[in-house]
Peer 1: 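Sharing a structure, written as structure tokens. Questions coming.
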Amino acid sequence: MKLRNLLVHSLILLTTTNLALAQRRTVPVRNRAIANIVREIDARNIEATIRKLVSFGTRNTLSEQNDPKRGIGAARDWLYSEFLKAAEASNGRMTVEKQSFEQQKAARVPQPTMLTNIVATLKGSQPESTDRIYVVSGHYDSMCNSPTDAKCDAPGANDDASGTAAVLEMARVMAKYEFDATIVFMAVAGEEQGLLGSTHFAEEAKKKSWNVDAMLDNDIVGNTLGGNGVRDRSTLRVFSEGVPSNETEAEAATRRSVGGENDSPSRQLARFVKETGKTFVPQFKVMMVYRRDRYGRGGDHIPFLERGYPAVRFTEVNEEFRHQHQNVRVENGVQYGDLPEFVDFAYIANVARVNAASLAALAWAPSRPKGVTILTARLSNDTDLRWDANKEPDLAGYEIVWRDTTSPVWTNSRAVGNVTSFTMKGMSKDNYFFGVRAIDKDGNRSQVTYPRPQGRN
Ligand SMILES: [Zn+2]
């Protein structure tokens, strides 16, 4: 083809395909902002944070609180000042607080001890959404072999300076953006003492009836060479529970009758993260794991789950146990200990990108629809869905999503307009799982709500 013809031809192709695409799917303006957030996350900041946290020698929760150089108190004060610096870009929308409380004697707390969470809150700007809260968290305490040894060196570069550094970097990048809903960036203490800092926060949230719509826990997110010899720099696990920790007897009876063990709010959150990661960090894979946490392990997402808040945990794929909860030592030529030299800073930056994109997508999207029910009063080969109207002024409408009952992710969606009920004609509720999500005028989609049956089960 001659150059001119080629040009004309490609122009026609470009015009027809692009117009069709543009009409079908305008690229939402705010999604460009999410791409910018992802781009601004910098592995060098994450490395600097981890090295600084390691420099405090130990961050055991029982360690020194008033020494400016060594112990958890020094780490606490340094983190507080760093979050304050991050908040400077927010025009007063981000506030930073030391959330302190006295922990009474407990299994791993030999005497009453002050614990402090560092909590940076980026207030949402849309009045209808500002009470909707997304929490992202890492724990800044560390331990060596013994959780009550406050003197040993406990560098905790991976467990969990990695998660803490990711959260601080997110706060630094995201503070200047204005979101509809509120985002809380948090570094907690007392994780190794029994999830104490996160339990305190979750309990306070419950007491104050906060609408925590999702919680993301980052813990052990920096090692890419496993004890099994496998190196994987491009996969991240997201753990989510199937059956809600706070499920009631009535909910359990419904689940036994018509399923739903794969459709808890936390599982929807995991799917949302996976989909968002695929869009904005495509070179990095989010691997869903259908369990609350690994065998014999726990994390800061659990106190949230127990109080009915959707929550997931992020962790690397191949763990190296010689570098977790170990006294720093060389034994038979093998280096033990959670040292920065075993941490992959570029990998943590990608973990932070998946988190940040998910948080931004959640905080710019409308609330997931409430009161979603699937009508079961009549036997029918159609599926009748109903839900309450969202309150956001920029709401565009809703989408019905569905999948085969054996599919791990939502595979189909249909825009149904700004309505509060819809009938999927000729599609039996017995043969698919359905859900509903809200969309705003910029194309931001909420998490999916899985319906409760209304009528007989
Ligand atoms: Zn940990």
Side-chain angles (χ1 to χ4, degrees), residues 49 52-53 55-87 90 94-123 133 135-143 147-151 154 156 159-161 163-165 167-168 170-171 175 182-210 212 215 217-219 298-304 306-307 309 311:
T49 300
K52 184 70 186 179
L53 287 171
S55 79
F56 299 116
T58 175
R59 304 186 308 280
N60 186 291
T61 297
L62 311 175
S63 65
E64 189 55 58
Q65 303 234 1
N66 299 312
D67 185 322
K69 290 216 168 74
R70 185 179 173 89
I72 192 157
R76 170 200 65 208
D77 293 346
W78 181 78
L79 280 169
Y80 178 66
S81 70
E82 288 300 303
F83 278 103
L84 278 179
K85 270 189 225 163
S90 75
M94 183 186 272
T95 49
V96 186
E97 149 196 34
K98 284 182 179 174
Q99 184 185 58
S100 296
F101 63 100
E102 192 181 54
Q103 175 64 45
Q104 296 312 304
K105 260 174 82 161
R108 293 178 168 192
V109 183
Q111 60 209 16
T113 303
M114 282 305 280
L115 264 70
T116 303
N117 299 329
I118 308 298
V119 182
T121 304
L122 181 60
K123 200 103 186 105
I133 299 170
V135 178
V136 63
S137 176
H139 71 87
Y140 71 96
D141 63 308
S142 65
M143 65 179 271
T148 50
D149 185 342
K151 298 289 176 204
D159 188 8
D160 183 30
T164 305
V167 172
L168 177 57
M170 285 179 238
T182 293
I183 304 176
V184 170
F185 304 87
M186 181 160 79
V188 299
E191 197 272 349
E192 307 290 9
Q193 256 56 34
L195 315 176
L196 302 178
S198 55
T199 298
H200 179 80
F201 183 94
E203 187 58 28
E204 287 292 299
K206 178 94 186 178
K207 267 193 226 150
K208 294 172 185 157
S209 303
W210 285 357
V212 178
M215 187 274 188
D217 174 26
N218 288 272
D219 195 354
D300 290 319
H301 56 313
I302 293 175
F304 286 82
E306 287 170 344
R307 287 160 184 80
Y309 296 129

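Quantities reported herein were computed from a predicted structural model and do not represent experimental measurements.
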Peer 1: Can you tell me how far CG of Leu115 sits from CG of Leu196, rounded to the nearest 0.5 angstrom?
Peer 2: 6.0 Å
Peer 1: Under 3.5 Å, which donor-acceptor pairs link side chains of residues 78-86 to any protein atom two or more places apart or in another chain?
Peer 2:
| unit_1 | atom_1 | unit_2 | atom_2 | d |
| --- | --- | --- | --- | --- |
| Ser81 | OG | Trp78 | O | 2.8 |
| Glu82 | OE2 | Lys85 | NZ | 2.8 |

Peer 1: Given side chains that start at C-beta, do those of Tyr140 and Glu191 come closer than 4.5 Å, heavy atoms only?
Peer 2: no
Peer 1: Of all heavy-atom pairs between Met94 and Ala175, which one has the smallest distance, and what is that distance?
Peer 2: CE-CB, 3.9 Å
Peer 1: List the residues meeting salt bridge (Lys or Arg N to Asp or Glu O under 4.0 Å) with Asp159, not counting sequence neighbours, and say none if there are none.
Peer 2: none
Peer 1: Enter the distance from Asp141:CG to Thr164:OG1 here, rounded to the nearest 0.5 Å.
Peer 2: 8.0 Å
Peer 1: Taking the side chain from Arg59 and the backbone from Leu53, do they hold a donor-acceptor pair closer than 3.5 Å?
Peer 2: yes
Peer 1: Answer yes or no: is there a side-chain heavy-atom contact under 4.5 Å between Gln65 and Thr113?
Peer 2: yes
Peer 1: Could you check Met215 against Asp300 for side-chain contact (heavy atoms from CB on, under 4.5 Å), going step by step and ending with a plain yes or no?
Peer 2: CA-CA 9 Å; Met215 187 274 188; Asp300 290 319; 4.3 Å; yes
Peer 1: Got a second to check how far Leu195's CG is from Phe201's CZ, nearest 0.5 Å?
Peer 2: 15.0 Å
Peer 1: Taking C-beta and beyond as the side chain, do Glu204 and Gln99 meet within less than 4.5 Å on heavy atoms?
Peer 2: yes
Peer 1: With rounding to the nearest 0.5 Å, note down the distance linking OG1 in Thr116 to CD1 in Ile72.
Peer 2: 8.0 Å
Peer 1: Just by distance, do the side chain of Asn117 and the backbone of Ala189 share a donor-acceptor pair under 3.5 Å?
Peer 2: yes
Peer 1: Determine whether a donor-acceptor pair (N or O, by modelled atom type, separation under 3.5 Å) exists between the side chain of Gln193 and the backbone of Pro147.
Peer 2: yes
Peer 1: Identify the heavy atoms of Gly138 and Val167 that sit nearest to each other, and give their distance.
Peer 2: N-CG2, 3.8 Å
Peer 1: Hey, does Phe185 have a side-chain heavy atom less than 4.5 Å from the side chain of Met170?
Peer 2: yes
Peer 1: Rounded to the nearest 0.5 Å, what separation is found between the NE2 atom of His200 and the CD atom of Glu102?
Peer 2: 12.0 Å
Peer 1: For the atom pair OG1 (Thr58) and CG (Asp149), what is the distance rounded to the nearest 0.5 Å?
Peer 2: 8.0 Å
Peer 1: Find out whether Arg307 and Glu203 are in side-chain contact, i.e. whether some heavy atom of one side chain is under 4.5 Å from a heavy atom of the other.
Peer 2: yes
Peer 1: Return the minimal non-hydrogen interatomic distance between Phe304 and Ala311, and the atom names on each side.
Peer 2: CB-CB, 4.1 Å
Peer 1: Looking at Gly190, is its backbone amide N or carbonyl O close enough to the side chain of Thr61 to form a donor-acceptor pair, meaning the two atoms are under 3.5 Å apart?
Peer 2: yes
Peer 1: Between Ala202 and Tyr309, which heavy-atom pair has the shortest distance, and what is it?
Peer 2: O-CE1, 4.1 Å
Peer 1: For residues Thr148 and Leu62, report the shortest heavy-atom separation together with the two atoms involved.
Peer 2: CA-CD1, 3.7 Å
Peer 1: Answer with yes or no whether the side chains of Asp219 and His139 bring together a donor and an acceptor at under 3.5 Å.
Peer 2: yes
Peer 1: With a 4.5 Å heavy-atom cut-off, do Glu192 and Ser142 have their side chains touching?
Peer 2: no
Peer 1: Heavy atoms, side chains only, cut-off 4.5 Å: are Leu122 and Thr182 in contact?
Peer 2: no
Peer 1: Where is the tightest heavy-atom contact between Ser63 and Asn60, given as atom of each residue plus distance?
Peer 2: OG-O, 2.5 Å
Peer 1: Do the non-hydrogen side-chain atoms of Met186 and Val135 ever get within less than 4.5 Å of each other?
Peer 2: yes
